[in-house]
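Data block below; observations after.
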Amino acid sequence: MATDTLKSKPGAQGAPGGVRRLLLENGALTALIVLVVAMSALSGDFLTADNLLNVGVQAAVTAILAFGVTFVIVSAGIDLSVGSVAALSATVLAWSATEAGIPVALAVLLAVATGIACGLVNGFLISYGKLPPFIATLAMLSVGRGLSLVISQGSPIAFPDSVSHLGDTLGGWLPVPVLVMIVMGLITAFVLGRTYIGRSMYAIGGNEEAARLSGLRVKRQKLAIYAFSGLFAAAAGIVLASRLSSAQPQAAQGYELDAIAAVVIGGASLAGGTGKASGTLIGALILAVLRNGLNLLSVSAFWQQVVIGVVIALAVLLDTLRRKAGATTPAAGTSGGGNRGRQALTYVIAAVVAVAVVGATSLLHNGSSGGTSKKVGLSLSTLNNPFFVQIRDGAEEQAKKMGVDLTVTDAQNDASQQANQLQNFTSEGLSSIIVNPVDSDAAGPSVRSANKDDIPVIAVDRGVNDAETAALVASDNVEGGRLGARALAEKLGGKGTIAILQGQAGTSASRERGAGFAAGLKEYPGIKVVAKQPADFDRTKGLDVMTNLLQAHPDIQGVFAENDEMALGAIKALGSKAGKSVQVVGFDGTPDGLKAVGAGTLYASVAQQPKELGRIAVRNALKAAEDEKVERTVKVPVKVVTKENVAGFEG
């Protein structure tokens, strides 16, 4: 009776119930259509062939990672390590092919083997070590990232040219990353729907104990499942590094969360037992469309994070509603022919509706002009640092004064995210682009794309390698490091013990400032460096690292921090010693840093005048857009600011 009653419910609900069930079963597809239509209506730059290909490229790495995570989530597990494994695999490939001299083909196999090995370790710890998946993969996240930094020594490694072609296009228009994404998606669909291990994943996710009692070797299956995840992570890492022409030890940070989000948005349940490749692809496309569209609409990078978080929360809520309604995503390959036909019809109808509505919205934009003001894009490496916030403020002040429409984006110290932003700027057809690279090598491919479209690019603070820039507006970080060494050494009387707080590993600013400081210190043999530790340009980390260093070196007499934020953290850790028994020198000349100089707790800051950098960059961007002559290199002088001259200094 209960079964008959349950079967009669859909019919009893009638058409409205059927529509509701259809929407629940295809919520991700519905959301994607709504997003595409909305972005097409709001931005005339969205619905262009170049931009749609950009969306595909930007979704590729997340989608490939997410396909691997789909296997894990279907089996009721979780994998937080895929971003680190991707970075490690790419680093192994680049190091093997360049530093070790291994043939490229073998280096690729070694990179793939690295990903699989990481997955097998995860699977072993979970299956035989009885560790919760969250803990095991969290440990691998740290281990993978650490090994990547150890192998690369914290610096990006150039990628072999033969493998870098994975980031190129076929025929000048079809991106290879999109093709790789499609191939990996087809493999995922085949494994889930047509193989024994795929059916085992659904069985284990549905009820692990029942799967074990039915004869499945659950432990061995989990080894294979996490090995698949590691394999896909390696593939994603290679594609990502190919796009950037370099293996970045800090690449793919946070991508594991995007991958999990894509799987959940695509209809998989975190409780296990449901999920499919097509849903994961749709989830990745939703995230890519959101980021691309919000960039085109000039939405603040901070609000973009809020929007992405809301979308993820809504996706999990939809999953809960779907399970309550009994509209679960079927295991691939288990649905009947009628259900497959209905699903295919749903996709066809969705495509027709999307094309019709998008076509109508494109007509609204056709022939409309965006005004006569020049449009300039500014991509900053991060806005989580006062120095770069000041560059933005100076750029915005100058843009307002000159009547320039300035769009600012925040790459959040992610070279891949910055590449996406630069591609979006290029597809918008801006008058010119200003870029403050996360990494000079990684920015090259995207800037070359702008070069092809005759969009002038201005580099600010850091240069761009292997690409054409109309001008470089920068302070001399190396010279600044030398000045910092001289200021600290002379304050200490030419002798004493000091510690160095380094910036984020892999960034050119940290390398250049550190090299300049080391060169300057050679003139003072009485100064001994007793410790060097990275604190990632972050005040909190500067506090923690300095606190730890004081335990080992309580009699330290000086500190050089590669930016003011770390210097301020060090001052907090030193307490009453700061400015008295211990002298601290920072870098950047930020407002908080200058206040500390005035108070005497920070002896000096090597000031770069970041607002002036922003102002000059905008002026040169406008000149380049109007084909006026600009200087190839514009150097903004650095200055050592101490208590004696801080009152008259203006950044």
Evaluate the side chain to side chain contact (heavy atoms under 4.5 Å, CB included) criterion for residues I197 and F228: first the C-alpha distance (whole Å), next the side-chain angles of each, then the deciding distance (0.1 Å), finally the verdict. CA-CA 11 Å; I197 188 173; F228 266 120; 3.8 Å; yes
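- F46 contributes atom CZ, which lies 9.0 Å from atom OG1 of T48 (distance to the nearest 0.5 angstrom).
- The salt bridge (Lys or Arg N to Asp or Glu O under 4.0 Å) analysis of residues 139-148, with sequence neighbours excluded, yields no pairs.
- The closest donor-acceptor contact from the side chain of Y226 to the backbone of C118 lies at 3.5 Å or more, if one exists at all.
- With sequence neighbours excluded, the residues forming a side chain to side chain contact (heavy atoms under 4.5 Å, CB included) with L35 are M39, I286, V289, L290, listed by chain and number.
- Each side chain to side chain donor-acceptor pair (under 3.5 Å) pair with one or both residues in residues 61-87, not counting sequence neighbours, appears once here: T70-T280, D79-S81, D79-S229, S81-N122.
- A side-chain donor from one of N51 and S427 sits under 3.5 Å from a side-chain acceptor of the other.
- Under the rule for a side-chain hydrogen bond (donor to acceptor under 3.5 Å, both in side chains), Q417 has no partner lying at least two apart in sequence or in another chain.
- When the side-chain hydrogen bond (donor to acceptor under 3.5 Å, both in side chains) test is applied to N424, the partners found at least two apart in sequence or on another chain are Q58, N292, N295.
- Judged as a salt bridge (Lys or Arg N to Asp or Glu O under 4.0 Å), the pairs with a partner in residues 217-235 (not counting sequence neighbours) are, in order, E208-K222.
- Every pair tested for side chain to side chain donor-acceptor pair (under 3.5 Å) that includes a residue from residues 97-119 fails, sequence neighbours excluded, so the list is empty.
- Legend: ring pair (Phe, Tyr, Trp, His ring centres under 6.0 Å) pairs involving residues 232-264, not counting sequence neighbours, sorted by first then second residue: F71-F232.
- Within 6.0 Å of CG on N384 lie no more than 12 heavy atoms contributed by other residues, nucleotides or ligands.
- For N207, the side chain to side chain contact (heavy atoms under 4.5 Å, CB included) partners at least two apart in sequence or on another chain are E209, A210.
- The side chain to side chain contact (heavy atoms under 4.5 Å, CB included) search around L257 returns none, not counting sequence neighbours.
- Residues that satisfy the side-chain hydrogen bond (donor to acceptor under 3.5 Å, both in side chains) test with R243, not counting sequence neighbours, are N420, Q423.
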Would you please test V176 and H165 for side chain to side chain contact (heavy atoms under 4.5 Å, CB included) and show each step? CA-CA 8 Å; V176 176; H165 289 311; over 6 Å; no
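- Rounding to the nearest 0.5 Å places CD of Q248 at 11.0 Å from CD of Q253.
- Distance check, rounded to the nearest 0.5 Å: CD1 of I157 to CG of L93 gives 10.0 Å.
- The CD1 atom of I78 sits 6.0 Å away from the CG atom of L270 when rounded to the nearest 0.5 Å.
- Partners of A247 by side chain to side chain contact (heavy atoms under 4.5 Å, CB included), not counting sequence neighbours, listed by chain and number: A90, T91, A94, F159.
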